[in-house]
Every structure is written in structure tokens, then in C-alpha cells.
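Report on the structure given below.
These values consider heavy atoms only, across backbone and side chains, with no hydrogens, waters or symmetry-generated copies. Predicted model only: the values in this text are computed from it and were never measured. All ligand and atom numbering here is 1-based and tracks the order in the structure.
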Amino acid sequence: MHVIEHIYINGTFVTPAGDEWLDIIKPADGSVMGKARLANEQDAERAIDAAHAAFPAFSRTSVTERITLLEQMYDAVKSCETDLHAAILEEYGAPSSRSQWMASYPADVILQVIEELKQYPFIQQAGRARVQMLPLGVAGLITPWNSNAGFICHKLATALAAGCTTVIKPSEYSLLQTEVITKALHRAGLPDGLFNIVTGRGDQVGNAISRSAQVAKISFTGSTATGKAILRTAAETFKRVTLELGGKSPTLILPDADAPTAARLAVQAGFINSGQACIAGTRILVPEARKAEFERALTAEVEAQHSGDPADDSTTIGPMINEKQWQRVQNYIGLGEQEGARLLSGGPGRPDGLTHGWYIKPTLFTDVNSQMRIAREEIFGPVLSIISYCDEAEAIAIANDTEYGLSALVIGADEQHARDVGEQILAGRVMINTLTHEPRAPFGGFGHSGMGREMGQWGISAFLEPRAVTVA
Ligand code: NAD
């Protein structure tokens with residue numbers, strides 16, 4: 001049994017004032033595998049005070065000093081990869097293909113931030129003005145459960161690169177991973193107060209951070225509903241806010257695409273992290289003239305997936321994070337059937353042979369249209385919808401017929417043409433025939449997918465504010 005009873009404030013593991021204990025549930029079988037004591041608002045305020053006290057000195061450090069600290073952070077996080085992987089498997093149930101990446105990404109992303117920091121133009125000349133980029137102050141970093149360690153390390157490294165100090169509010173569904181990362185960051189030996197980690201309920205700890213007048217910036221990744229709540233609260237104190245929210249991303253398969261190749265990539269895009277990914281390509285747009293062929297190819301790909309125990313190497317889709325999420329996905333599968341979509345694969349209930357754990361049958365609907373809720377709302381599970389189009393103009397219109405705009409994938413044989421089509425889609429990231437992540441490029445969404453950008457130079461800028469000094 002895991003027992004987590006500390007949070008991290010001002011360089012020290014401390015017992016929270018909060019006295020609520022939360023069970024840690026293993027999604028692979030629903031069993032209780034531990035418990036954690038959660039922080040409350042009082043703890044959040046102590047953490048904010050510590051970050052606030054550390055800010056004046058830290059904001060004056062040189063880029064070279066900050067690079068040294070980030071290198072210490074990298075070494076410490078790199079050395080915890082094995083423990084992190086074990087926690088990810090146990091706590092998220094991510095299949096090994098995904099969990100390996102999730103375990104190595106937190107260290108990798110620190111290196112990426114170091115590279116960006118080396119090149120960041122903190123001082124620029126704009127006409128007669130000398131423009132200085134100044135750190136905003138204390139940054140509140142709030143993470144979702146679905147890549148908690150990666151988001152903690154990415155947001156923290158970027159905030160520190162900019163010269164901000166931080167209060168981190170990790171997801172309460174990532175307690176084991178947070179503990180591994182907190183211990184690693186403690187070993188990194190960063191000065192006290194630079195990062196404080198207070199795991200607690202969003203409406204308590206998260207809300208206290210969004211409300212605090214001592215916090216100048218919020219960097220949040222999570223659902224659109226929570227993003228809206230944070231934005232409203234943060235408005236009172238004019239916080240700068242970066243929001244990385246949900247998505248309902250299109251995968252547009254063009255008429256010249258090879259069906260098996262396109263189906264492989266489309267299903268991979270849709271089932272990233274067992275479908276629990278903001279960038280998952282859950283709306284698959286196929287040309288009406290080749291609909292039957294693409295339906296067959298996509299069905300074959302979906303049926304080749306194996307939903308089951310994440311410890312099993314053949315598993316490609318693991319369980320949902322918790323019972324609530326399992327129920328939510330089940331409801332959407334039922335809704336798809338009620339709305340008149342036709343089931344090609346999967347459907348309600350658990351996959352055959354599985355009686356425990358939050359497993360979903362990989363599900364593929366066709367005859368879906370843009371008015372259906374399964375085509376408009378983020379399901380956050382392995383449920384894909386095929387929508388057919390008559391011509392390219394209609395395909396682009398359907399791709400853009402969404403409140404979201406996080407990511408899009410275009411698949412076609414003529415790459416230049418696919419790119420031309422992709423450039424007509426309003427999404428923060430448009431990928432042509434690839435799912436490769438480009439860490440130097442900005443990441444974020446249009447519309448309800450968020451505000452602002454992370455990654456690359458844009459990511460560092462989000463923790464800074466320009467001051468222009470002009471001399472007579
Ligand atoms: P969530 O919004 O439920 O929770 C995210 C975090 O916000 C948690 O730490 C939670 O405790 C906290 N929170 C909840 N209420 C709060 C409040 N009132 N004030 C402040 N903080 C509060 O999201 P989740 O279920 O953990 O994550 C899944 C969602 O995240 C999906 O919608 C997914 O698309 C999105 N996501 C987006 C990206 C991206 O980069 N755009 C990446 C990953 C996940």
C-alpha cells in the first residue's frame with residue numbers, strides 16, 4: 001500500500017494542513033492501492049508565500065545560472081525514469097508504448113527548454129526603445145492527470161527559464177507520479193521556494209491559486225470547463241493566463257490516400273494514450289466516393305487493437321483513468337447509437353474476458369454527422385467517428401465545424417496538396433502524414449482549446465512581460 005502524507009513547500013516535505021485522505025485506485029482492476037493526504041487552501045497560501053518570497057532574488061539570476069539549475073533538474077528527473085514508469089503503469093494503466101514515452105518525456109522536455117533558453121532574446125531593440133523581457137512573478141502551474149509528470153516538468157522548467165518562481169497544483173489522480181517527481185526535484189537541490197508542490201482538490205487548492213493576488217500567472221492544462229472557471233477567477237487580479245484545453249480534432253483523409261496506410265495513422269492518432277489525449281484525432285473525415293473502402297480499413301485497424309492489462313506487451317489500449325471516466329465513455333457510446341450513428345466495431349460494456357478494471361471496447365462509429373454530440377464533444381476515450389464528405393470544400397468546412405481547434409491531421413498521397421488543405425484548418429497544430437511532435441514549435445489551441453501557447457520561444461514568452469525603455 002502506498003501512503004503519501006506530505007506536500008512540498010519551501011524546499012521541505014511538510015504535513016499538509018488539509019486532512020482529507022484520497023484513495024489511490026488502480027484503473028487496471030479498480031482496487032485500492034494506497035491513499036494520500038490532500039493539501040487545502042491554507043497549504044496553497046503557504047506555498048504561494050514561499051514562492052513569493054523567493055521571487056525577488058530568483059528573478060535577478062542570470063541565464064547562465066538558470067541553465068545550471070535546469071541541468072541539475074534534468075539530471076534528477078532523468079534518474080527517476082524507472083520509478084516514474086512503474087508509477088505510470090500502476091496509476092494510469094497506460095500501455096507500454098505510451099508509458100515508456102511518458103516516463104522519458106519529463107526529462108527530455110527539460111533539455112528542450114534549456115536549448116530554448118540559450119537562444120531566448122531577453123533584450124531586443126525596437127526602434128529607439130530597448131525592450132526588456134521581465135519575469136511575471138509567481139506562476140501557478142496546474143496540471144491534468146493524463147500527462148501529469150510531463151506537464152509538471154515542462155511548465156516548471158519553462159517558468160524557471162523565464163525567472164518566475166512557482167506553485168504547482170498537480171492532478172489529484174496522479175499521486176504516485178507526483179511523489180516520484182517531487183522527490184526527484186528535491187534531489188535536484190534547487191534553492192528553496194522556487195517550486196512548491198501542493199496536491200489537493202481543484203476547487204480548493206487550484207481555486208486558491210487562481211484567486212491569489214500574489215500569483216501573477218497561471219499556466220493550466222486541463223478541461224475546457226475548468227479553464228473557463230480559472231479564467232473568470234483570474235480576471236479579478238489581471239493574471240496572465242495560458243490555457244491548454246480540450247479538443248475534438250479532425251483527421252482528414254484525402255481522396256488520393258492509400259486506405260491501409262491512412263487507416264493505420266488515423267487510428268493511431270485517435271487512440272493516443274487509450275484515447276485519453278487532448279490531441280486525439282477523434283473525427284475521421286473520409287471521401288464519400290471511397291467510404292466503404294475506408295470503413296473496412298479503419299475497422300480492420302480498430303479490431304487489431306488490444307484493450308487490456310497495461311502490463312501485457314500486446315496491449316495497445318489500457319483502462320480509463322477511473323470509474324467516472326469509464327461511465328462517461330460508456331454514456332457517449334450509448335448516445336452515438338441513439339443519435340443514429342452505425343457501430344462498426346466495439347460498443348458498450350467491457351471487452352470480452354474482462355470483468356474488472358475500467359476497460360472500454362475500442363469503438364468505431366460511421367454515418368456520423370457534425371450535429372451529433374459524439375462528433376462535437378470531447379469523449380476522452382477510445383471512441384472514433386467516421387464522417388464522410390463530398391468534396392474538399394466540404395471536408396475543410398467539416399474539419400473547422402467545431403468549437404475546438406487544438407490539432408489536425410491530414411493524410412494524402414500528394415503531400416503538397418495535403419499541406420495546402422491543412423493550411424485551411426484552424427488548429428494550433430496541423431500535421432501532414434505524420435504524428436511527429438515538434439518541440440520547438442508552439443503548442444496550443446484556437447477557440448475553446450485554449451489561450452496562448454506553450455513550447456519553444458513562445459512558451460518562455462508566456463512567463464514574461466515586455467518593458468520598453470526609450471531614452472531622449
Ligand atoms: P480537469 O480540468 O478536470 O483538471 C485539470 C486540473 O485542474 C486538475 O489538477 C484539477 O484538480 C484542477 N482543477 C479542477 N477544478 C479547478 C478549479 N476550479 N480551479 C483550479 N483548478 C482546478 O482535467 P483532467 O480531467 O485532469 O484532464 C483532462 C482534460 O485535460 C481533457 O479535457 C484534455 O483534453 C485536457 N488536456 C489538454 C491538453 C492540452 O495541452 N491542450 C493536454 C492534456 C489534457
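Residues Glu91 and Gln177 bring a donor and an acceptor atom of their side chains to less than 3.5 Å of each other.
Applying the ring-ring contact (aromatic ring centres under 6.0 Å, His included) rule to pairs touching residues 99-119 yields Trp101-Tyr105, sequence neighbours excluded. Residue pairs meeting the side-chain hydrogen bond (donor to acceptor under 3.5 Å, both in side chains) criterion with at least one member in residues 241-250, sequence neighbours excluded, are Lys217-Thr242. Counting only residues at least two apart or in different chains, salt bridge (charged side-chain N to carboxylate O under 4.0 Å, His left out) contacts with residues 431-445 comprise Glu116-Arg440.
Among protein residues, Ile142, Thr143, Pro144, Trp145, Asn146, Phe151, Lys169, Pro170, Ser171, Glu172, Gly202, Gly206, Asn207, Phe220, Thr221, Gly222, Ser223, Thr226, Ile230, Glu244, Leu245, Gly246, Cys278, Glu378, Phe380, Leu406, Phe443 come within 4.0 Å of ligand 1, judged on heavy atoms.
Contact record, Pro95 with Thr316: CG-O, 3.3 Å, taken as the closest heavy-atom pair.
Side chain of Asn273 to backbone of Gly275: no donor-acceptor contact under 3.5 angstrom is found.
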